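A quick write-up on the structure given underneath.
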There are 2 protein chains.
Amino acid sequence: MFSNSSKYAIKAVLFLAVNSSESHRIMVKDLAAPINVPQAYLAKLLQELSRGGIISSKKGPKGGFFLSKENVQYTLMDIVNVIDGNDKFNSCLLSLEKCNADKPCPLHDLASPSRSKFIQSLNQNTIDEFSIQIEQGKVFLPL
Amino acid sequence: MFSNSSKYAIKAVLFLAVNSSESHRIMVKDLAAPINVPQAYLAKLLQELSRGGIISSKKGPKGGFFLSKENVQYTLMDIVNVIDGNDKFNSCLLSLEKCNADKPCPLHDLASPSRSKFIQSLNQNTIDEFSIQIEQGKVFLPL
DNA sequence: ATTAAAATATGACAAAAGTCATATTTAAGA
DNA sequence: TCTTAAATATGACTTTTGTCATATTTTAAT
């Protein structure tokens with residue numbers, strides 16, 4: 001479903017959403033442990049996310065990663081797009097070009113609408129909304 | 001979602017379901033073209049499926065691949081399990097061990113129930129049922 | 001029996017995904 | 001201004017996935 005890299009990236013962003021702020025930045029080494037991701041690999045992913053504008057960073061002493069007010073408006077789909085490239089979810093399950101609602105492939109109706117609803121969720125829910133859910137104790141972070 | 005190999009395998013099995021029979025076997029080269037899969041690679045996949053009991057084969061002249069009455073009772077999940085190994089779909093979206101309905105990860109409710117319904121479909125619908133849908137013109141095969 | 005047509009087995013190779021290490025750049029604080 | 005702490009850039013390396021080729025085995029038909 002998600003690549004390992006995307007899973008790691010999502011976990012990192014959610015952790016930052018809850019635990020970091022403009023004034024309280026988090027270093028790679030303090031992020032890698034709690035979300036259970038190899039530090040060196042995570043560093044690379046964070047740099048991609050940073051370049052992609054999904055997260056913010058500050059170099060040097062007292063530096064680290066954090067989410068700005070803008071960052072927190074991105075969605076899970078934005079994260080996946082930066083890490084894995086676009087169109088991981090927008091195509092036919094069998095990658096058939098001619099598959100559509102009029103001439104569906106055998107898996108089309110099996111997948112849709114449950115699938116399209118899922119994809120919609122990836123596109124709609126912001127990071128901010130997730131962190132609210134976490135703070136309200138509705139979902140849990142041990143990552 | 002599915003690996004390329006699984007997509008290829010699913011396409012091949014569906015094609016065989018509609019176009020082959022015990023008495024009308026289909027050779028790799030006549031299967032590869034219509035489903036648009038590299039022949040040499042498909043050959044390997046068909047051998048795995050055959051070893052896994054998902055499809056049937058006969059060597060030698062007039063040989064080829066086909067689906068028996070038993071083969072046609074398998075599901076898409078069976079195909080994926082043979083090709084990609086088990087447990088591609090049974091774990092948490094973020095691969096968290098402690099994620100469950102009581103203590104869901106942030107993506108848990110987002111995914112479920114749409115996701116679990118999808119997985120259920122993979123497990124329940126038999127190849128036979130798909131080929132009936134195809135013959136009834138409800139879904140289409142240009143693969 | 002011999003031949004030819006098919007799947008099967010095996011393995012080489014390429015491309016992509018995942019992992020790790022190190023040198024460079026930036027910026028805070030003494 | 002110097003030192004030190006952080007991200008950033010780069011690239012080597014490994015593993016997995018995808019691809020292709022070839023030799024072997026089986027079996028139908030002559």
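What you see is a predicted model, and the numbers here were worked out from it, not measured in a lab. So you know, we letter chains A, B, ... as the sequences are listed, proteins then strands, and number each from 1.
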Tabulate protein N/O versus nucleotide N/O from nucleotides 28-30 of chain D, keeping only pairs under 3.5 Å, one per line.
unit_1 : atom_1 : unit_2  : atom_2 : d
D:dA28 : OP1    : B:Lys58 : NZ     : 3.3

Counting just side-chain N and O atoms, does [X] come under 4.0 Å of either OP1 or OP2 of [N]?
| X | N | value |
| --- | --- | --- |
| A:Lys29 | D:dA5 | no |
| A:Tyr8 | C:dT19 | yes |
| A:Ser5 | C:dA17 | no |
| A:Arg51 | D:dA9 | yes |
| A:Ser57 | D:dA6 | no |

- Message: Quick one, A:Ile119 with A:Met77, criterion side-chain contact (heavy atoms from CB on, under 4.5 Å). Give me CA distance, side-chain angles, the key distance, then yes/no.
- Response: CA-CA 8 Å; A:Ile119 293 170; A:Met77 189 64 91; 3.9 Å; yes

Between [atom2] of [N] and [atom1] of [X], the distance in whole Å:
| X | N | atom1 | atom2 | value |
| --- | --- | --- | --- | --- |
| B:Tyr41 | C:dC13 | OH | P | 19 Å |
| B:Ile26 | C:dA7 | CD1 | P | 11 Å |
| B:Phe65 | D:dT27 | CZ | P | 14 Å |
| A:Asp84 | C:dG18 | CG | C1' | 12 Å |
| A:Asn4 | D:dT16 | CG | C1' | 11 Å |

- Residue pair A:Thr75 / A:Asn123, side-chain donor-acceptor N/O under 3.5 Å: no

- Item | Any side-chain donor near an acceptor of the partner, A:Tyr41 and A:Ser5, under 3.5 Å | yes

- Does anything in residues 31-40 of chain A reach DNA chain C, meaning a heavy atom under 4.0 Å, and if so which residues? A:Pro38, A:Ala40

- Task: For side-chain contact (heavy atoms from CB on, under 4.5 Å), just list the numbers for B:Phe2 and B:Ile83, CA-CA rounded to whole Å, side-chain angles, deciding distance to a tenth of an Å, and then say yes or no.
- Result: CA-CA 10 Å; B:Phe2 296 117; B:Ile83 298 298; over 6 Å; no

- Which of residues 42-50 of chain A sit near DNA chain D, with a heavy atom under 4.0 Å from it? A:Lys44, A:Gln47, A:Ser50

Using the rule that two of Ile, Leu, Val, Met, Phe, Trp, Tyr join whenever any of their side-chain heavy atoms come within less than 4.5 Å, decide whether [X] and [Y] are in one cluster.
| X | Y | value |
| --- | --- | --- |
| B:Val37 | B:Met27 | no |
| A:Val18 | B:Leu107 | yes |
| B:Leu141 | B:Phe66 | no |
| B:Leu96 | A:Phe140 | no |

- Message: Under the rule for side chain to side chain donor-acceptor pair (under 3.5 Å), what residues qualify as partners of A:Lys103, not counting sequence neighbours?
- Response: none

- Note on the structure: Contacts of A:Ser121 meeting side chain to side chain donor-acceptor pair (under 3.5 Å) (sequence neighbours excluded), chain-then-number -> none

Distances under 3.5 Å between nitrogen or oxygen atoms of protein and nucleotides 14-16 of chain C:
none

- Would you name the heavy atoms of B:Leu76 and B:Ile10 that are closest together and state the gap between them? CD2-CG2, 4.0 Å

